[in-house]
K.L.:
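One structure follows; several queries about it will come next.
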Amino acid sequence: MVRTKKVRTPLIAGNWKMHNAREQTRQLIGELKPLIDGLSDVEVCVCPPFTVLAVASETIGDAEISLGAQNVFWEEKGAWTSQISADMLLDVGCRYAILGHSETRGRFGKVDDLLAGRLHYFGERDDTINIKARVCLAKGLTPIICCGETIDERQAGKTDDIISSQIRACLDGLTPDQIETLVIAYEPVWAIGTGEVCGSDEANRVCRLIRQTVRDNFGTDAGNGVRILYGGSMNDKNAEELLEQSEIDGGLIGGAALKADSFATICKAASFAAWNFYI
Ligand code: 13P
């Protein structure tokens with residue numbers, strides 16, 4: 001049996017969304033630490049709400065867990081009520097920032113139903129994601145840029161066009177060196193929080209399309225280096241099959257990141273999937 005390590009180190013990032021106050025944050029990270037202690041060949045990250053980033057950072061201490069935020073604003077400081085800058089995130093210990101999650105892009109349409117199309121959830125768009133990515137990279141925060149199609153787009157056969165245009169627009173103007181370091185998450189909107197996971201072959205196919213789009217527009221090194229995660233109903237049962245796909249370099253996990261044991265099981269599956277085995 002021969003083992004060779006894959007080129008890209010897998011990343012498992014837990015997107016806690018709007019869950020966990022200080023006490024639950026201490027508890028969840030406290031439970032997670034021993035479960036992933038000594039785990040090699042995988043990078044583990046948690047992305048709690050802004051209000052508990054400081055508590056999360058303290059609780060992580062010197063454990064091998066990276067901290068990420070769920071959003072960032074592009075201005076440095078000033079009269080921007082409600083917004084959080086990259087410097088503030090770095091100050092509290094963040095290494096990553098999730099950008100353009102479908103829940104901030106407003107692609108569910110629920111608010112459309114309520115307000116007859118006048119308002120999206122938070123108005124995030126490819127061009128605002130692009131500005132945020134530029135600022136993050138300039139400041140030393142690594143963006144996790146989300147893309148994904150809705151069920152209507154998929155059923156209309158538009159998945160590939162939607163995904164490649166999101167990728168081109170979100171990465172516009174970045175250098176190949178910058179792109180090599182960042183993370184893209186493919187999160188089909190219909191698979192988020194629904195329990196309806198995208199099949200591993202199809203998830204791998206779309207991740208390959210993303211990588212090829214990066215290669216075509218920004219060069220081979222950028223395409224080979226960028227880490228591409230899958231997100232959408234990934235859990236401790238289906239993680240192994242998804243993570244062993246050649247183009248999937250990790251996961252962006254929602255619900256299953258809220259329990260230490262299920263999140264740790266996914267981290268272990270990624271650690272195992274970091275290796276190729278040959279007879
Ligand atoms: P679920 O894992 O709950 O489907 O959420 C995925 C997600 O949106 C991660 O960003």
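Just so you know, ligand 1 is whichever comes first in the structure, and atom 1 is the first atom listed for that ligand.
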K.L.:
State whether the shortest distance between N or O atoms of N15 and N or O atoms of ligand 1 falls below 3.5 angstrom.
P.N.:
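N15 vs ligand 1: N/O contact under 3.5 Å present.
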K.L.:
Taking distance alone, with no angle check, do E103 and ligand 1 share an N/O pair under 3.5 Å?
P.N.:
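It does not: no N or O of E103 is found under 3.5 Å from an N or O of ligand 1.
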K.L.:
If the threshold is 4.0 Å, N to carboxylate O, is there a salt bridge linking D62 and K33?
P.N.:
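Salt bridge flag = no for K33 with D62.
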K.L.:
Considering non-hydrogen atoms of the protein only, which is the closest contact for atom 9 (C) of ligand 1, and what is the distance?
P.N.:
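It is E187 OE2, 2.9 Å.
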K.L.:
What residue and atom, counting heavy atoms only, is the protein's closest point to atom 3 (O) of ligand 1, and at what distance?
P.N.:
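Among all protein heavy atoms, the one nearest atom 3 (O) of ligand 1 is G255 N, 2.9 Å.
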K.L.:
Quick one: look up the protein heavy atom nearest atom 2 (O) of ligand 1 and list residue, atom name and how far away it is.
P.N.:
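Looking at atom 2 (O) of ligand 1, the protein heavy atom closest to it is G254 N, 2.9 Å.
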K.L.:
Looking only at the side chains, is there a donor atom on one of T9 and E43 sitting less than 3.5 Å from an acceptor on the other?
P.N.:
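No, because no side-chain N or O of T9 sits under 3.5 Å from a partner of the opposite role on E43.
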K.L.:
Is it true that a side-chain atom of T128 and a backbone atom of E124 form a donor plus acceptor pair closer than 3.5 Å?
P.N.:
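No: the side chain of T128 does not pair with the backbone of E124.
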K.L.:
Below 3.5 angstrom, do we get any N/O pair linking L252 and ligand 1?
P.N.:
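It does not: no N or O of L252 is found under 3.5 Å from an N or O of ligand 1.
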K.L.:
Between R8 and E180, is there a side-chain N and carboxylate O pair less than 4.0 Å apart?
P.N.:
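Not counted as a salt bridge, because no side-chain N and carboxylate O are separated by less than 4.0 Å.
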K.L.:
Report, in ascending order of atom number, the atoms of ligand 1 lying under 4.0 Å from any heavy atom of K17.
P.N.:
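Checking each atom against K17, I get 5 (O), 6 (C), 7 (C), 8 (O).
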K.L.:
From R154 CZ over to W190 CH2, what is the distance, rounded to the nearest 0.5 angstrom?
P.N.:
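R154 CZ to W190 CH2: 5.0 Å, rounded to 0.5 Å.
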K.L.:
Applying the side chain to side chain donor-acceptor pair (under 3.5 Å) test to R215, which of N224, T220, D221 qualifies?
P.N.:
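Result: among N224, T220, D221, N224 is the only option passing the side chain to side chain donor-acceptor pair (under 3.5 Å) with R215.
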K.L.:
Any atoms of ligand 1 less than 4.0 Å from a non-hydrogen atom of G193? List them with their elements.
P.N.:
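What qualifies from ligand 1 is 1 (P), 3 (O), 4 (O).
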K.L.:
Find all atoms of ligand 1 within a distance of less than 4.0 Å from any non-hydrogen atom belonging to H101, and give their numbers and elements.
P.N.:
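Ligand 1 atoms under the 4.0 Å threshold to H101: 7 (C), 8 (O), 9 (C), 10 (O).
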K.L.:
Should the proximity of A191 to ligand 1, defined as any heavy atom under 4.0 Å, be assigned to the side chain, the backbone, both, or neither?
P.N.:
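Answer for A191: backbone.
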K.L.:
What do you reckon, does G232 put a non-hydrogen atom under 4.0 Å from ligand 1?
P.N.:
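A heavy atom of G232 does come that close to ligand 1.
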K.L.:
Taking N or O atoms only and a 3.5 Å limit, does I192 qualify as a polar contact for ligand 1?
P.N.:
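No; every N/O pair is 3.5 Å or more apart.
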K.L.:
Indicate yes or no for a side-chain donor-acceptor contact from E58 to the backbone of V55 under 3.5 Å, with no hydrogens or angles considered.
P.N.:
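Answer holds: no.
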K.L.:
Minimum heavy-atom separation for Y96 and C45, please, with both atom names.
P.N.:
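That would be CD1-SG, 3.8 Å.
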